[in-house]
Amino acid sequence: MLLLCLMWQEEHEQIRAKKGEGEALEWSDYKSMSFTQCVVNETLRIANIIGGIFRRTMTDINVKGYTIPKGWKVFASFRGVHLDHEYFKDARTFNPWRWQNNSGATCPANVFTPFGGGQRLCPGYELARVELSVFLHHLVTRFSWTPAGEDKLVFFPTTRTQKRYPINVQRRDRVQAM
Ligand code: HEM
């Protein structure tokens, strides 16, 4: 976890070092946040707000020998796939490094689908990634935080922390001034 914080902070400090006080981020800054993209991917894999999507069959469908009759509702579980050890080693471990070098872990292209796919692919996927990255940039460059108590990650019925992971936050300029 310490290594994660150091690598991550360095990526964002390097961007800040090239900018004046309060200067806004640009597209090229976002594009240079390669480790942050690993963190975003891993967060979307392990704790996506959307666990899956519903579909209704328009005709009888045969899937691996099972017939899904026309008119049935089907739930395609992203969580079921994103937390499958067959595709993601130690699937319940938060490990952003698995995304480094664009390896996409060891999974086929259609296995990591936090934004869906095909005709209904989320049109806001890049905006969502930008917003997450910009938020994380300001969080790590302007603030520091410590856990305010013990907490635990649980995976049922969704991925979340039991006590919502309370933290004590401090502005970094105030910490440095002390
Ligand atoms: C982390 C953030 C987000 C996640 C995980 C997410 C995920 C998804 C998923 C899985 C779908 C496909 C639903 C389906 O196939 O039935 C979807 C559709 C959609 N998303 Fe997102 N989304 C996110 C952010 C956004 C943002 C920021 C916008 C717009 C500003 C957006 C707009 C839409 C719209 C309009 C659709 C419907 C597309 C259609 O049915 O053709 N989403 N999203």
Side-chain angles (χ1 to χ4, degrees), residues 1-12 30-57 60-69 72-133 135-137 139-140 145-167:
M1 188 51 83
L2 182 62
L3 183 59
L4 166 72
C5 295
L6 291 174
M7 279 183 71
W8 197 18
Q9 196 145 345
E10 195 185 319
E11 176 167 286
H12 289 284
Y30 163 64
K31 283 303 200 186
S32 73
M33 297 176 185
S34 54
F35 190 65
T36 300
Q37 295 318 306
C38 299
V39 173
V40 168
N41 272 353
E42 189 64 348
T43 306
L44 290 169
R45 183 189 70 80
I46 216 165
N48 194 356
I49 191 90
I50 297 181
I53 49 169
F54 283 102
R55 290 289 184 265
R56 187 161 52 85
T57 50
D60 286 1
I61 302 269
N62 189 287
V63 182
K64 294 186 177 172
Y66 295 92
T67 301
I68 304 172
W72 276 36
K73 288 229 172 73
V74 179
F75 182 69
S77 172
F78 297 162
R79 261 174 70 74
V81 181
H82 291 171
L83 295 176
D84 188 335
H85 295 275
E86 198 182 316
Y87 299 119
F88 300 97
K89 191 169 174 280
D90 298 326
R92 292 189 174 200
T93 303
F94 184 83
N95 174 13
W97 287 276
R98 72 171 86 234
W99 298 100
Q100 267 186 328
N101 307 321
N102 273 339
S103 64
T106 51
C107 65
N110 61 352
V111 163
F112 180 60
T113 56
F115 296 103
Q119 289 183 343
R120 300 243 87 94
L121 173 71
C122 174
Y125 79 95
E126 187 80 65
L127 176 63
R129 298 188 72 99
V130 171
E131 285 178 341
L132 282 164
S133 306
F135 167 77
L136 291 170
H137 172 80
L139 183 68
V140 299
W145 63 91
T146 50
E150 289 287 307
D151 205 349
K152 194 176 147 202
L153 201 58
V154 289
F155 289 89
F156 185 82
T158 55
T159 307
R160 65 206 148 83
T161 44
Q162 241 168 8
K163 299 178 188 162
R164 298 187 168 189
Y165 194 55
I167 54 175

Which heavy-atom pair separates [X] from [Y] by the least distance, and what is that distance?
{"X": "C38", "Y": "P96", "value": "CB-O, 3.2 Å"}
{"X": "T57", "Y": "P69", "value": "OG1-O, 2.7 Å"}
{"X": "P114", "Y": "L44", "value": "CB-CB, 3.8 Å"}

Atom CZ in F75, atom CZ in F78: separation rounded to 0.5 Å?
8.0 Å

Rounded to the nearest 0.5 Å, how far apart are CD1 of I46 and OG1 of T93?
7.0 Å

Are any non-hydrogen side-chain atoms of [X] and [Y] less than 4.5 angstrom apart?
{"X": "Y87", "Y": "H82", "value": "no"}
{"X": "W72", "Y": "I61", "value": "no"}
{"X": "N95", "Y": "D90", "value": "no"}

List the steps, then state whether side-chain contact (heavy atoms from CB on, under 4.5 Å) holds for V81 with T113.
CA-CA 9 Å; V81 181; T113 56; over 6 Å; no

Kindly state each residue pair satisfying side-chain hydrogen bond (donor to acceptor under 3.5 Å, both in side chains) with at least one member in residues 35-45, sequence neighbours excluded.
W8-T36, E11-T36, H12-T36, Q37-R129, Q37-S133, N41-R129, E42-R45, E42-R98, E42-W99

Output, in order, the C-alpha distance, side-chain angles, deciding distance and verdict of side-chain contact (heavy atoms from CB on, under 4.5 Å) for F88 and V111.
CA-CA 10 Å; F88 300 97; V111 163; 3.9 Å; yes

Check whether N48 reaches the backbone of G51 with its side chain - one donor and one acceptor, N or O, closer than 3.5 Å.
no

Without swapping roles, check the side chain of S77 against the backbone of G52 for a donor-acceptor pair under 3.5 Å.
no

For a quick test of your reading: what N or O donor-acceptor pairs under 3.5 Å do the side chains of residues 150-158 make, sequence neighbours left out?
residue: D151; atom: OD1; partner: Q162; partner atom: N; Å: 3.2
residue: D151; atom: OD1; partner: K163; partner atom: N; Å: 2.9
residue: D151; atom: OD2; partner: K163; partner atom: N; Å: 3.1
residue: D151; atom: OD2; partner: R164; partner atom: N; Å: 3.4
residue: D151; atom: OD2; partner: Y165; partner atom: N; Å: 2.7

Crowded around L127 CG? As in, over 12 foreign heavy atoms under 6.0 Å?
yes

